[in-house]
Amino acid sequence: MISFIFKRLVQSVIVMLTVALIAFSMFRFIGDPINNMVGQDTSQADRAALTEQLGLNDPFLVQFGRFALNAAEGNFGISYKYRQPVSSLILERLSATLELSLVAAILTLVVGIPLGVYTALKGKGLLSKGIMTLSLIGVSLPTFLIGILLILFFGVMLRWLPTFGRGDVVALGWWTTGFLTLSGIKSLILPSITLALFQMTLIMRLVRAEMLEVLRTDFIKFARARGLPDRSVHFKHALKNTLVPVITITGLQLGALIAFAIITESVFQWPGMGLLFIQAISDVDIPIMAAYLVLIAFFFVVINMIVDILYYAVDPRLRADSSV
Amino acid sequence: MEQVTPATKTRLQRFFGSDVWYSFMRSPVAIISAIVTIGMILAAIFAPWIAPNNPFDLASISIMDGNLPPAWESAGDSRFLLGTDDQGRGVLSTILYGARISLIVGFFSVIFSMVVGIALGLISGYAGGRTDALIMRIADIQLSFPAILIALLVDGVARGVLPSELHTDISIYVLIFAIGISGWVQYARTVRGSTLVEKNKEYVQAARVIGIRPLTILRRHILPNVMGPVMVIATIHLAIAIITEATLSFLGVGVPPTTPSLGTLIRIGNEYLFSGDWWITIFPGITLVVLVLAVNLLGDWMRDALNPKLR
Amino acid sequence: MKLRTGLFAAVAAVALAATSPVQAKTFKFAFQGDLSSLDPHSLNESFLLGTLGNVYEGLALYDPNMQIVPGLAESWKILTPTTWEFKLRKGVKFHGGQDFTADDVIFSWERAGRDGSDQKVRNSMIKSITKVDDHTIVMETPAPNPILVQDLPYLFIMDKEWSEEHGTTSSTSAAGDNAGNYANLHANGTGPFKIKSHEADIKSVLVRNENYWKDIPTNVSEVIFTPIKEAPTRVAALISGELDMVYPVPVQDWERLDNAKGVKALTGPEARTIFIGFDQGRDELLYSNIKGKNPFKDQRVRAAFVHAINLDAIKEKIMRGAATPTGLLAAPQVNGFVESLNSPYAYDPEKSKALLAEAGYPDGFEVTLDCPNNRYVNDEKICQAVTSMLAKVGVKVDLLAQPKSKYFGKVLATSGYDTSFYLLGWTPGSMDAENVLSSLIVCQNADAKKGMFNLGNYCNPKVDELTAAIGSETDQAKRNAMIAEAFKIVKDDVGYMPIHQQPLSWGVSDRVTVNQRADNGLDYRYVVINE
Amino acid sequence: MDLLNINNLRIEFPSRHGTVVAVDDVSLSVQPGEVLGVVGESGAGKSTIGNAVIGLLEPPGEMTAGHVLLKSEQIDTLNPEAKRKIRGRRIGMIFQDPLTSLDPLQTIEQQLVETIDLHLKLGEKKSQERAVDLLRQVGIPDPENRIKNYPHQFSGGMRQRVVIALALCAEPEVIIADEPTTALDVSIQAQILELMRRLCKDKQVGMIIITHDMGVIADITDRVAVMYRGKVVEEGTTAKILGDPDHPYTQSLISAVPRPDIRLRRFPMVNYIEAEGERSRNIDLSTHWLGRHRDFEAVDGPLLSLKDLVMTFVTKPAFFKRNRSTFNAVDGVSFDINEGEVFGLVGESGSGKSTVARMVCSLYKPAAGEVNFSGTDLTKIRSENERDFFRRQMQMIFQDPFSSLNGRMRVMDIIAEPIRFHQLASSNQEVEQIVNDLLDHVGLGAQASVRFPHEFSGGQRQRISIARALATRPRFLICDEPTSALDVSIQAQILNLLKDLQEELGLTMLFISHDLPVIRQMCDRVGVMKQGKLLEVSATEDLFEKPTAAYTRELLDLMPRLDKLSHEGLEVEGA
């Protein structure tokens, strides 16, 4: 177990270093960082001094090392556009994105998995076919279109729910939460549905496919042949085995939520990292882009670790103590 | 008339006699979605001939025709069946041309992903060892990032690297590259998986015993046998690529508004949604959803048809 | 169970605290862009200046009709044509409690001239400031400047002590250090509102300065500003009642707003003129297929261009009737406006083609049009329309529409005026035509900070002479005659292609009454929440 | 009273090509304590019967006639819930593959206790005790501790014991075992069969064993029903059916079974199922294409000589070499094969015999040792072109006829590929001529060349494989389990074909099989392998009559007794 975790840690570090290298290359080679920092009046001498001061004359590896160390401390430099440290900009938005993603993730799992199981078990039923068709439409509707339609219907026509932003938030230290106010919770509804819908259909279809696969296996056939009731066959044996492969992909999909939040945040003007990132792209604000990239990679690495450990816990075959 | 013996069937006859064709003919959904998909592709290809007017020919459009509702409404103009946008471009024509751009981006990015993915997947699966480990590790890392994010990044980087006056001209290539590069992993993993299975099959070993060289084995023996799942992925990926393009264009980092794709059209129309000019956004929106849905349904059917154990 | 009840109670308490109506009258509004900094000298941009005008103040202020009224200066008088004496207001305190004195004025003027400042133009209008006593100063201008006070509302005064204490003696720019400039995120002005919190691009909260020195109509105790980039989201938020005011509203949504319950469109002519400029300075255009010469140096080509544009069509179709087509770079609200020159160039494509043929371009040529896509009302659409209209006379225009940050990064002096053909909008900060002439029309002169926004370097020595004379002429009638003469020359030269005065387009809830200033500025002093 | 009666059962599968009758008017019965064998080749419909009896017929299969009686009570018409209650409680079922029959995520105990408690309602504690007891009965050592383990911690044979324990959980009256030993090695097979037989007698359970294997039938059954194309063609006591079959199908089936005790010259013509095809025989090698270019250098000594061959596999891959763990699949194997000889290699799965074959034909690179072929050490060859010269002389026939042919290529291209690659023909026309000749020669006929592999049966595909192997005009042929995936009658045909070709073309062969009777029919000399090591090499007759290694003796002892089988129509060699 320890060696397993250690191995995954080493892999994670490699992944993070690779991503950091990409981020650093972006920062270093796209546009001239100096040009982005100083005004038009700055003299050549001052530019040279700044170049020296920032260490941009050092060997590539030294620069990269410094970048990586700074990044590890959460220091990504100054945003070209906002003239503020990138880390503080991201920190202000982190809680917004994480809360949105969390709610969407819960929605995805709570709705997606049961629907997947249902459609796998009642494949022939009318309701099940209806759900499958709806899910395909769900996959075919671009997220931004869903968001616009939801705003139009629930925000403008019915005036039930807020159409933008997080509503009132309560600060708990550096973390701001929308869970504690009515307007915060109301504000969460439309964006989280928008964000969850696509992943929900994906998870549902995945669970269905895996479940069908498992239901065809010999051990399910054997379980039936032993007279086990459907409830036990479906939920005790089939579902548990379904979840093993589902866990990995679900982990990836939940991570993807954080990144997919870009679109949702853009449509709902949700003050999260995605909105920051998309604006950084149109402004070519490289420090923000680089930081966002590294941060997303970090989330993925963490999620992957959790998934691996879960996997390990669920599947006895992975535990190394097997004997014959 | 002589009876055609099974022994002399052509490939086409074989196809029409196959289980896949049979299952296709028995699935109304598959038939309809195939008709819709092919119809839209043809409409896009022949847009210059069938579109009532050319929205890209600036000299021919007149701003005085701007914001006309669909022809069946009282203020409509018979020249513009689905109305016009603010610049006086016929919505029907912009949709035809827009679908063309969406499909071009979709198809070429899929082909791009496919070529890269298949090549790396074959190499990875067949060579094994460190080559395999390296390629798959890269794939794993990339897989950590959703396609849309990678496409956004590539797009952002391209914006930073390329001079801005080039953006309009090459934005479509940037898009194809961005979406293409974000999708190769799936192909590579699938092809690698199939290659691992196929390479241990005895027909490959037989070819090796004969002495056939690895590249020939990959091309002649393994490639044709891994194409089934690849085609399924490609179909589903086409739908994803079209959505990704639309999303990027919606976010304003896709194709420019002078040569709008479906996503750009929706973005432009979105600004008019509240003012009552619904046709500018609704029609492209419907077109996009129908196109993607048709492709998805086709892919869904294909996955079931090519993977009989799933039924 | 007990624990759960307790937790629930705690949550409820917090929720209550957050939502319970404190006796606050909160005014919530959204704008399309963000307040990019709190530093009053960091950016010479209307929204930033308009917003910070509620926090910081100049020696003079605008009244609701954009007339100059005394601000931090109680009064002023001209001593000689180049020297002015200002009596400063006594008893004014900064938000931090510091007294307002002559030293603060001198410090702020100097700060506006230092590296990183975007207010160097306003700094350069004044040659020196002499402190007579704590509440009297004398300003000397480089040349006679009858309209000096017109430029003072946006030369914001900061507290010297506070700035020095926090090491922000020069304006925010992105240079090196990670700590950032203190004034970028903190403010200490004399205005009626204080910054409570500011999260870049998320939300800014301002609260009433209870110690403000003047009685003002507003009953607002808190202002919450949210940037909302997407116009539909903005409009939706207003209609759904989440916001009291949003701007700008797309012109096509006016009807919809007026039909919706509880909201209306608040519109009017803005003092901003939208126009298109030509690069007439270079010998060869940067972005054209014509090599070795610059077609825009030929007056006939420029004339051909202006006659090809159907401004009425742009007004009707793109602006939904809400703009005023113009032939002049100064709006009616601007001092020096010339009614007779305001009529646009006639739309005459045939004449346009003839002129192009005459100038040697019977088949037209290619040129790239630089255009912002999120700065002015329907900016990109105007450019598209222009592109399509020029196509009809044979000129192939490549449109490069970009977000304002990138657009300005390309076309302004910073990048050496990297454009051949561009769309720009201008509101003279001083509301005087002289500002138009000296910023947009006189020949570029980086040292004198003149013609800084004359991106295409239209250059006519006669106009330069007149502008210099206007700058120092104190007789209003003579001055206006000279302004008219200069504008006439520009119009005959076809120095620019004026498009229209763009409309002010606000969406306002019936819950509030606001004053719509002609420079699109929202002055919180006049925001009243109706009961 | 019969325990279980199946009366006039008919099962249909509607399909695109019309309705397939999988089971046609089948009637069977079992008494308590009796073992009934249902034997037949693939597609005979025997497994369908088992599924129908327990009410788990897979859709779209449908029982259209007949009924199933358990102790005279009709059970096929019961509602699904009632049927479920019979399953496991009164009728137990054992499936073929023990590796996939158990839920991998639950311990043996969880699975046993769930089933026991469900049917017997003993409560947790009693169920656990019973579970341990059951494991002991089926011969799992240390059941108290092993019961906590997960399925993957058991070997294949042990898992099948667990499966049997699960089937016995509720003391069912009838057990249906569907190919219970097919996935197991021969030594395990004998133990499992013995266990099943003992349980059947002790508990007076009625048992139906469904199998294709005459050895299993001979070992364990009391009565046999022979199925052919959905029908029972013959039924009777085991002794009667095996010793004196009446039906021609049964006769041909039995005559095709390779015997461990005798060596046949050829199998008798067994074309009841599939025509053997007309082979063009008696070719004159001096003029025929196959005889040309046979100008291989004559060798002194053996044609193939292996010296201390070692093959290492990575069991735990890692990026860095030192982190990998490995095991030796082949560990110091040496033997010689003389020109014109058929050398057999026998052993259980995992013994390394296939690995040896793959090293001989350079599919694997040995970790150590030499592969000397006509005097050249193949492991020392570096250039591919040089190796091609030997590849042409050495070809291989594989086990699985379904995966050994590329489904995307026509038979013509499959067989022509080696000819074209080695440039053995001067024109396309000549290539086609040669391919048609080869197809004729293996008994398929030239018209097969334009078809695709999937249009052929397993036996026919194996003939195509053989034709491909012959296409380089090799002098040395490696046959890796060439018939183990085939039905017994087809196996006989293919073995006949290989024998004929070997004689006609004077081929040298390395013949690999796990099946001792087959080895006895085919080989001149035999090597026995176990766990990567070669235990003994001796002439075939010597090996079978007086084995030296203990392991060999054990293997021979565990072979099914087939001496009861009818000898009618057999040409015994040397007799």
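Throughout, protein chains are lettered first and strands after them, A, B, ... in sequence-line order, and every chain is numbered starting at 1.
- Nearest heavy-atom pair across B:R213 and D:N385 is NH2-OD1, 3.1 Å.
- Only the side chain of D:D388 comes within less than 4.5 Å of a heavy atom of chain B; its backbone N, CA, C and O stay farther away.
- If you measure heavy-atom distances from D:R387 to chain B, you find no contacts under 4.5 Å at all.
- For B:F108, the CZ atom is loosely surrounded, since the number of other residues' heavy atoms within 6.0 Å does not exceed 12.
- Counting non-hydrogen atoms of neighbouring residues, nucleotides and ligands closer than 6.0 angstrom, the CD1 atom of B:I111 exceeds 12 such neighbours.
- The two residues B:Q205 and D:L363 have their closest heavy-atom pair at OE1-CD1, 3.6 Å.
- Looking at B:R220, the atoms closer than 4.5 Å to chain D (heavy atoms on both sides) sit in the backbone and in the side chain alike.
- Considering all non-hydrogen atoms of both residues, D:F398 and B:V209 come closest at CZ-CG2, 4.3 Å.
- Few gaps surround CD on D:E481; more than 12 heavy atoms of other groups in view lie less than 6.0 Å from it.
- Counting heavy-atom pairs closer than 4.5 Å to chain B, the top-ranked of the candidates D:R468, D:H422, D:E417 is D:E417.
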Table please: side-chain donor-acceptor pairs of residues 32-40 of chain B below 3.5 Å, with sequence neighbours left out.
from: B:S33; atom 1: OG; to: B:V29; atom 2: O; distance (Å): 2.8
from: B:S33; atom 1: OG; to: B:A30; atom 2: O; distance (Å): 3.1
from: B:T37; atom 1: OG1; to: B:S33; atom 2: O; distance (Å): 2.6

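- More than 12 heavy atoms of other residues, nucleotides or ligands lie within 6.0 Å of CZ in D:F313, so this atom counts as buried by the packing criterion.
- In this structure, the side chain to side chain contact (heavy atoms under 4.5 Å, CB included) partners of B:V197, at least two apart in sequence or on a different chain, are B:K201.
- Looking at every heavy atom in both residues, B:I210 comes nearest to D:R391 through O-CD, 3.6 Å.
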